[in-house]
K.L.:
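So that we are looking at the same thing, I have put the structure below in structure tokens.
Keep in mind that the numbers below use all heavy atoms, side chains included, and drop hydrogens, waters and symmetry copies. Residue numbers start from 1 in every chain, and the chains themselves are labelled A, B, ... in the order their sequence lines are given, proteins ahead of strands.
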Amino acid sequence: MNKVVSSADEAVADISSGSTVMLGGFGLCGIPENLIAALVRRRITGLHTISNNMGVDGFGMGLMLEAGMIASHVGSYVGENRRLETLVLKGELDLTLIPQGTLAERIRAGGAGIPAFYVPTGLGTVVAEGKETRKIGDRTYVLEQALHADVALIKAWKGDRLGNLVYRKTARNFNPAMATAADLTIAEVEELVEPGELDPDHIITPGIYVNRILVGATYRKPIESEFIKAGLTQSGGAA
Amino acid sequence: MNKVVSSADEAVADISSGSTVMLGGFGLCGIPENLIAALVRRRITGLHTISNNMGVDGFGMGLMLEAGMIASHVGSYVGENRRLETLVLKGELDLTLIPQGTLAERIRAGGAGIPAFYVPTGLGTVVAEGKETRKIGDRTYVLEQALHADVALIKAWKGDRLGNLVYRKTARNFNPAMATAADLTIAEVEELVEPGELDPDHIITPGIYVNRILVGATYRKPIESEFIKAGLTQSGGAA
Amino acid sequence: MTGKERIARRIAREFKDGFYVNLGIGLPTMIAGYIPEGIDVMFQSENGMLGVGGPPTGVQTDPDLINAGKQPVTELPGCSFFASEESFAMIRGGHMDMSVLGAMQVDEHGNLANWTIPGKMVKGMGGAMDLVAGARRVIVAMEHQTKDGASRILKECTLPLTGQSVVHDIVTELCWIHVTPAGLVLTEVAEGLDAAEVQARTEARLIVSPELRVMTVSAA
Amino acid sequence: MTGKERIARRIAREFKDGFYVNLGIGLPTMIAGYIPEGIDVMFQSENGMLGVGGPPTGVQTDPDLINAGKQPVTELPGCSFFASEESFAMIRGGHMDMSVLGAMQVDEHGNLANWTIPGKMVKGMGGAMDLVAGARRVIVAMEHQTKDGASRILKECTLPLTGQSVVHDIVTELCWIHVTPAGLVLTEVAEGLDAAEVQARTEARLIVSPELRVMTVSAA
């Protein structure tokens, strides 16, 4: 069993235009930099992306946006990207904003065989519009549906050729849930180790969820708040 | 912040008769031996227990059963306990059997603020009787409700005074989910370490879920299949 | 070669390299011993382990390392441990390539009964209902008839179900049966048997495949 | 002492030893600097960390270690990391003792609006809707009026809501307001002010508590 591919380009070679793609990361932390770069090189279009954020102008998913690859996006916060603003206001990109915890849980549900579930989040707000609500006990809840993707592109710290993964600090974020919720999961890691080197008690993503694994060629890992301060983008904001 | 209590007896001193109590473990693996022993010493009664199994005659929750402490039980498999059989057939104990994965997910939901969710499991079986079913996409699902308890008694391998816990091998099982799903969570560990000694990337149960932590006085940890072979119980069976 | 061994050997031939498989307790567990060379299969145990190895040799069993049958096991390189809710998210989410389970009854609709006999003590379904609802392919591995010679492959199950229309294939010491929307299709028969002889020992109606073959079991 | 500092210092006094708290971006973040001695509070950041420490000093920031505001932070002993779905299970499941957030508007029903202004670009709600729906106690920390002198405490919010009937307390540089089913109860006013002066700067009707006190802020 060997899931290792030799490059990011090889890893994404069969992803087609129009696919639904989940991308891990929170802001610019824990994003699959090398896979995004390879996708941008492929110049496929009409992608439906699911990711908490949308990178910034000049990095991360911002590069996909600039290359005109994204037709629609589901996320919880996109405040760092002026190009997105323009596209949404011109009606060229369909943006759906949902609460971050509901986003995370919908992705987990997509990987866990749970088609729908109830949450208190968003009741009485635009998020609940058009959704079924239901009183359970003494509180009213909103019915939310699972999210599933054709492809998940994720980033881990270390992995082995069976696809077992561990993450580092807050770079974990959405990556483990997305690994479970796609037909094809591709993981990039900073270091490839031998099976058995990762303590089996510490593995966060068991290899069963991962179809392909590659070592990222380089990691830039900018810190978003500093990247923005450096003048490459100007908007500020919340998570 | 110091959640350490000095003994199992002190830890369970305020648990009252009639409480709903979750107990971690799978078979006799990863069960809170010392907390069970302390509960048995207290001789409280009318407990409503939630646990995957029910121990065996002579060990684990079997001791609580023998002490007449349990009024009702929710679990997925109780095949190793002849006393339970007698009590159920005599109508002295109310037993609810549910699929193991549904049990685990209902407990997780109880800790995660999800009051109900849909699963494919059990459709067309007695498990779905009296429950709402619903077609979502091209499949029909069963609506399941969250489980929550007054008290969760769990077992981890190591922990610190903030309540952070790590588990060892398959002794993890139901313990982490139960830690999240009770008003009062009490964890027994084999070893207490200083805060910071557990790698923050490896912590499975963050301390926020744990109210009290203690070092178990002794651990017997019998292997169920061998315990049974040794003649202390006679029934065999599946998980 | 016993009937059980024949069943285990035949199912082992179905494993593809890279498969993730959950084996039920009893007969299905035997399959692990017959995996063809060059085929890498990762076994899951629903109590929270992927990469389950065989029973430990010698005396040093680890009580924290057991399978779903509560028996001591060993770790293979690249194994991982996880909690019960994660284990069943994996199962329910369709990530297991195959689940092989024993059965008391199977019927023409692919219904399965393997967890309880009314009137006898109820032990519980454990993870069986989750496995049959979640695995991509569910194979029932069982002896063709009961000890009393009654068919276990029925027109309709009479025992309480474990799952409704969940079985994909039925493998016994006599034959391989594929469950289809049209009914049960007999695709392989054991050497020395013909379709009529298998039908004679089966309550359910069997549709004989035009490509009926002899059931080959691995030699090793 | 600025108004913001006054708010941060007052809220810090509400923390009890052993509290788990999520602080929103901006003003709420300031509270961490004013925790009374002897009070141990664990801060959560919803991107997946419990036990968040202050910003790193010096140049060695770690891009894998940020808070929900995407700013570099440090680790305190006993901190832990977890995935987003776990982080929000923790929040939604009622495990956070307190969530302190900024607001654009709050109203008499405890409704909160803090995520979008129609017509302007929508940035997204991030984790705010989850936090207000899940935390045991939701405290709004904000300046009493807008820069233009308009009240932020209204009879009815006019902006799209973040949550319906979710706010427990409102703390501004002028006062402490407790949200009750009967309406907004004024419990504390800043030194030198009286209830009438606070009401004059507030659109919502304030019920003056019979136990109205002067708002004391920590000295340190």
K.L.:
What part of C:Glu75 gets within 4.5 angstrom of chain A, counting heavy atoms only: side chain, backbone, both, or neither?
P.N.:
side chain

K.L.:
What residue in C:Ile91, C:Asp40, C:Leu50 has the most heavy-atom pairs under 4.5 Å with chain A?
P.N.:
C:Asp40

K.L.:
Please name the residue in the list A:Asn164, A:Leu198, A:Leu165 that meets the side-chain contact (heavy atoms from CB on, under 4.5 Å) test with C:Ser80.
P.N.:
A:Asn164

K.L.:
Checking A:Ser51 now: which residues fulfil side chain to side chain donor-acceptor pair (under 3.5 Å) with it, not counting sequence neighbours?
P.N.:
none

K.L.:
Quick check: closest heavy atoms across C:Ala89 and A:Tyr209, and the distance to 0.1 Å?
P.N.:
C-OH, 4.4 Å

K.L.:
Heavy-atom count around C:Lys16 NZ within 6.0 Å, excluding the residue itself: above 12?
P.N.:
no

K.L.:
I'd like to know which of C:Gly94, C:Gly134, C:Gly51, C:Gly18 tops the heavy-atom pair count under 4.5 Å against chain A.
P.N.:
C:Gly18

K.L.:
Please check if atom NZ in C:Lys4 has more than 12 non-hydrogen atoms from other residues, nucleotides or ligands closer than 6.0 Å.
P.N.:
no

K.L.:
Can you list the residues that meet the side chain to side chain donor-acceptor pair (under 3.5 Å) rule with C:Trp115, with sequence neighbours excluded?
P.N.:
none

K.L.:
Heavy-atom cut-off 4.5 Å, strictly under: side chain, backbone, both or neither for C:Met90 against chain A?
P.N.:
both

K.L.:
I want to check something: taking the side chain as every heavy atom from C-beta on, are A:Met1 and C:Tyr20 in contact at a cut-off of under 4.5 Å?
P.N.:
yes

K.L.:
Check whether A:Ile208 gets within reach of chain C through its side chain, its backbone, both or neither, counting any heavy atom under 4.5 Å.
P.N.:
both

K.L.:
Quick one: which of A:Asp199, A:Ile203, A:Asp201 gives a side-chain contact (heavy atoms from CB on, under 4.5 Å) with C:Phe81?
P.N.:
A:Asp201

K.L.:
Between the side chain of C:Arg92 and the main-chain N/O of A:Ala112, is any donor-acceptor distance below 3.5 Å?
P.N.:
yes

